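Remarks on the structure that follows.
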Number of protein chains: 2
Amino acid sequence: MQVRQRLENLSSALTATERKLCTALLLDYPYAGLDTIQDLAKKTSTSPPSISRFVTKLGFQGYQDFQRHLIEEIRQSNRSPLDLHVGDRTIQGDFLEDFVSRAVSLISASASATTSAQFERVCALLGDEKRNVYLIGGRISDAIALYVSRHLRQVRSGVFHLPADPEIWPEYLLRMRPKDVLFLVDFRRYQRNLSELARRAKEESGLQIVVLTDKWMSPTANHANEVFATPIESGTVWDSYAGAMVLMEAMLTRIAETNWDKTRKRIEAWDSLRFDHGARDDDQ
Amino acid sequence: MQVRQRLENLSSALTATERKLCTALLLDYPYAGLDTIQDLAKKTSTSPPSISRFVTKLGFQGYQDFQRHLIEEIRQSNRSPLDLHVGDRTIQGDFLEDFVSRAVSLISASASATTSAQFERVCALLGDEKRNVYLIGGRISDAIALYVSRHLRQVRSGVFHLPADPEIWPEYLLRMRPKDVLFLVDFRRYQRNLSELARRAKEESGLQIVVLTDKWMSPTANHANEVFATPIESGTVWDSYAGAMVLMEAMLTRIAETNWDKTRKRIEAWDSLRFDHGARDDDQ
DNA sequence: TTGACTATGAAAAAATAATATCAAAGCTTA
DNA sequence: TAAGCTTTGATATTATTTTTTCATAGTCAA
């Protein structure tokens, strides 16, 4: 029987340490198990005895026997590297596997819903340090806005994540200049106050507006210069923002790579200033 | 350099015994070299010292070093499509498309690094309304924690997203009870104050700790009852949290579907209470 | 044929790795 | 809260593996 399967079979009867080991073994399967018992213990912050007991529990004679099995598995599956992956699949509970395949199609779809010209335009816009960037999202989608703003701040200055409270927005509205960019994330159930914000920002300062939304198009999109529309229907009770997330990661990567020299210096400077006890800075 | 290549390079300068070894190694490459030195000696009718000398001659530190190299070669040759990208920084062809294919492999990998039993356990834990849930993440990964907490709050009560400022944490620490759950998101560059938080929370209230991290395992994981380890290497300048994100979405979906009746009622009640001008509530 | 050299493996030594033991810590249950 | 059970890693022990040492056998040139 595959080691992998034994892990799965036993996984309900594992102790905390054993679960840690199980996780580590699966994450870099099957190579993690080819380390010496000491190295593996160190990497997983457990101890050799625990590992020894664990593999016994899995039904092997000992650690070396366990390793021989792993090697044998590799050898067997070598004929087609795909075997390993196919093996992976069957082990997963249906739910996760199923969910992942849906997410994968969403992601592919959201990439193809974006033209590379548009993608490049937005990257250039957000990467342009002469423009301030203001970001905000809806109740849930603000997590994406936060993710983008935290990354963007590592690349450039002039990034402002608007607070949730609309009372404070005017303060930002007053600061916006025509060259600036307002980046809105708004998925369905759209929030009226966001499109209100977009309208007023456009009216008062005429800045560029970029909206990340779904195919039903948030009303915010009416005021937008650029719209990323990503599919979000996962066929489950929640919408999935995975497509949007990957699109944003692609965008952030593009921006950072385009200005890599500057980015690198900025991150280095940033690191040297980090409070090492790790107080996280607030997005103002 | 590949072991194979080293063998070929040296093949003209080999003694009789060494040629025998060379043949045996190539005949069942690379697995023959994964035997113990004694077994290999027996199979090739040579002796351990000869083999030891031979691998030294090939340029390795010793037999174990030689084996490590072989394992690394196998690992390389079984690389997933994702890994193949690593290294070539400059993405040619369509940037987006390429990025997406990397993300897809990350997502599949993070699903296969999680056993369904573990997945179910964590879902049950976070879905259990008798337990309060506290969430927080690192500087960037807090976006994920935020995403999870916003969703979770639609499903159940007793969800608290900790603020970034550690000064305020004690207030939450005092509230934590043994049955509660602390959900931490911490990807590399780990933040010391998060593991400090985990340690103190564990010490003072003995609650359950669930950690979402990467394969290098945040120090936070030492205090954890459950660890989700997801791959994050995108082969670009930033790590990608897409795998983690999808895993979280799967989890949230699972939780919502399990308690669907309650969830539906909760969302309906929530909607009727919404300030329609859409002031977003703060995660306290 | 001899002597100088190399190649080789048996045996011993060393290094390394794995497991058993045990005390302490953690968890459960009454 | 205490007693009893389980889990855990430090330490000690044992087992295994690898390398060194060294004597012998083989090879080649003179």
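Note that the structure is predicted; figures quoted are calculated from it, not measured. All chains are named by letter (A, B, ...) in the order of the sequence lines, taking the proteins before the strands, and each is independently numbered beginning at 1.
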Compute the centroid of each ring, for A:Y147 and then for B:Y147, and state whether the two points are separated by less than 6.0 Å. no
List the residues meeting salt bridge (Lys or Arg N to Asp or Glu O under 4.0 Å) with B:R131, not counting sequence neighbours, and say none if there are none. B:D128
Once you round it to whole Å, what is the distance between P of C:dA10 and CD1 of B:I37? 14 Å
Atom pairs under 3.5 Å, N or O on each side, protein against nucleotides 4-9 of chain C: can you list them with distances?
residue, atom, partner, partner atom, Å
C:dT8, OP1, B:T17, N, 3.0
C:dT8, OP1, B:T17, OG1, 2.3
C:dT8, OP2, B:T15, OG1, 2.7
C:dT8, OP2, B:T17, OG1, 3.4
C:dT8, O5', B:T17, OG1, 3.0
C:dG9, OP2, B:S47, OG, 3.2
C:dG9, OP2, B:S50, OG, 2.8
C:dG9, N7, B:R53, NH2, 3.0
C:dG9, O6, B:R53, NH1, 3.2

Grab the CD-P distance between B:Q61 and C:dT16 for me, whole Å please. 12 Å
May I have the distance from B:L207 (atom CG) to C:dG26 (atom P), rounded to whole angstrom? 15 Å
Listed partners of B:S240 passing side-chain hydrogen bond (donor to acceptor under 3.5 Å, both in side chains), at least two apart: A:E249
Taking only residues two or more places apart in sequence, or in another chain, which ones meet A:T15 in a side-chain hydrogen bond (donor to acceptor under 3.5 Å, both in side chains)? A:E18
Return the value, rounded to whole Å, for the distance between atom CD of B:Q64 and atom P of C:dT16. 7 Å
Calculate the interatomic distance between B:I51 atom CD1 and C:dA10 atom C1'; express it in whole Å. 15 Å
Who pairs with B:D180 by side-chain hydrogen bond (donor to acceptor under 3.5 Å, both in side chains), at least two apart in sequence or on another chain? none
Please list, chain by chain and in numerical order, all residues satisfying salt bridge (Lys or Arg N to Asp or Glu O under 4.0 Å) with B:R264, sequence neighbours excluded. B:D261, B:E268
Does B:K179 have any salt bridge (Lys or Arg N to Asp or Glu O under 4.0 Å) partners at least two apart in sequence or in another chain, and if so, which? none
Please report the end-to-end axis angle for the helix from C:dT1-D:dA30 to C:dA30-D:dT1, five pairs per end, rounded to 10 degrees. 20°
Over how many whole Å does the gap from B:K42 atom NZ to C:dA10 atom P extend? 12 Å
Under the salt bridge (Lys or Arg N to Asp or Glu O under 4.0 Å) rule, collect the residues that match up with B:K262, sequence neighbours excluded. B:E129
Residues which pass side-chain contact (heavy atoms from CB on, under 4.5 Å) with A:Q67, listed by chain and number, not counting sequence neighbours: A:Y63
What is the distance from OH of A:Y63 to P of C:dT19, rounded to the nearest Å? 10 Å
Are the ring centres of B:F187 and B:Y241 closer than 6.0 Å? yes
Kindly write out the residues that satisfy side-chain contact (heavy atoms from CB on, under 4.5 Å) with B:E257, not counting sequence neighbours, or none if the list is empty. A:F95, A:T236, A:V237, B:T253
On DNA chain D, reading 5' to 3', which nucleotide is the first and which the last to sit with an atom under 4.0 Å from a heavy atom of chain A, could you check? D:dT7 to D:dT17
Whole angstrom is fine here: how far is it from CZ in A:F66 over to P in C:dA17? 16 Å
On DNA chain C, nearest-nucleotide positions of A:D35 versus B:K202: which is more 5'? A:D35
